[in-house]
Number of protein chains: 2
Amino acid sequence: MALFLSRSVHKVDKKGRVSVPSGFRAALGDELVQGLGLNMPIVGFACIEALPFSKIEERMNVLDSLPVDEAEAMSLAHQMLGTLAHVTFDGEGRIVLPDYLMEYSGIRDSATFVGLGRTFQIWEAEALAAHDVSTRTIARDNIKLLRKPTSAQAEGET
Amino acid sequence: MALFLSRSVHKVDKKGRVSVPSGFRAALGDELVQGLGLNMPIVGFACIEALPFSKIEERMNVLDSLPVDEAEAMSLAHQMLGTLAHVTFDGEGRIVLPDYLMEYSGIRDSATFVGLGRTFQIWEAEALAAHDVSTRTIARDNIKLLRKPTSAQAEGET
DNA sequence: TTAGCGATGCTGTACGAAACCTGCCTCAGA
DNA sequence: TCTGAGGCAGGTTTCGTACAGCATCGCTAA
């Protein structure tokens, strides 16, 4: 599977439309026609998280198996599906950002795309700058997480 | 089956009628003519829960197997079916929200539709905003519900 | 090494179609 | 006869699509 990598800044027009970097679209390949899922990251970062549609289907299958009579499970479902917007590409490779996500992320007339491998994020410039600073500190403090390949790999590696 | 995804806001007229988002109607497909079931979520969220008719039949089959001579079982049945309203679409894709559900959810002249995959919810705007905030914390604390693939997969995996 | 050319990608505008909202009309029941 | 619910039709707005211009990047040739 292809990867979303590097950063780029794009204009958001009056309709809330924004071009997705061509590299990201290329990475989507056949999944381009299915569009993207956009939502608020569960960890609370002030940005828009973007996923290929196939990832959404995966999520839904997991959430489907959760009990409907538990507030915790339903809260999780609300955050992972209820805040999610399904958007499709126009002929020029643009998507429309929903109002509530623009408001949440602070994006107005410009958006920065940040590749994160299998997903990517969309940020307002100043919020991203602040996030860069704060994560640098946190990352430095937690770099040791990478230093235990034995247990970590056993779980996650495919 | 198509999915209910994304959010949208619609006006409620004086008669309690509201347009269901066209994408949701499209997702219903053939089930459109059968209408929807509306009720209060079991977990107590202050919104209206909406289900395709086929989902109601599923629930009914489950309840059918419960003993009719136990108060607990009958209470459950009351909550799941006794508070449920069956609504149908008019020619313009609208449904009528019953008074008791509008009162319960606080919906007056505007309603926000929230897709949750196989079901969707209808919220009053401020209640939804508050719910978004509170569920984010709960979801973050319970994200580990998704992190136990071993037991979940054993049941659900095809 | 640099200038020129072509291709690709991004942005803005315009038009048509669909969706949505409002008001009016009709019918049924009290 | 009055009231309320449901159906119908018009107008407005939004959305999706198409088209065109501009900028940027990379390649080629001088």
Shortest non-hydrogen contact between [X] and [Y], atoms and distance:
X	Y	value
A/Val96	A/Arg17	CG2-CG, 3.6 Å
A/Ala77	B/Leu116	O-CD2, 3.9 Å
A/Met60	B/Gly117	SD-CA, 3.5 Å

Self-check item: Nearest-0.5 Å distance that lies between atom CD1 in B/Ile122 and atom CG in B/Leu101
Solution: 8.5 Å
Quiz item: How does protein reach along nucleotides 7-28 of chain C, written 5' to 3' as B (base within reach of a heavy atom under 4.0 Å), S (only sugar-phosphate), or - (no contact)?
Solution: --SSBBBB----SSSBBB----
Verify the neighbour count for atom [atom1] of [X]: are there more than 12 heavy atoms of other residues, nucleotides or ligands below 6.0 Å?
X	atom1	answer
B/Asp13	CG	yes
B/Glu103	CD	no
A/Arg108	CZ	no
A/Asp141	CG	yes

Quiz prompt | Sub-4.0 Å heavy-atom contacts from residues 100-110 of chain A onto DNA chain C, ordered by number | solution =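 Residues of residues 100-110 of chain A that come under 4.0 Å of DNA chain C do not exist, since none gets that close.
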Quiz item: Regarding B/Arg7 and the six-membered ring of A/Tyr100, is the cationic atom NZ or CZ under 6.0 Å from the ring centre and inside 45° of its axis?
Solution: yes
Exercise. Say whether B/Ile143 and A/Phe45 are linked into one hydrophobic cluster, either directly or through other cluster members, by side-chain heavy-atom distances under 4.5 angstrom.
Key: yes
Quiz item: Quick one: A/Phe89 CZ to D/dT17 P, roughly how many Å, whole number?
Solution: 13 Å
Quiz item: When the C1' atoms of the five terminal pairs at each end define the local axes, what inter-axis angle does the helix from C/dT1-D/dA30 to C/dA30-D/dT1 show, to 10 degrees?
Solution: 20°
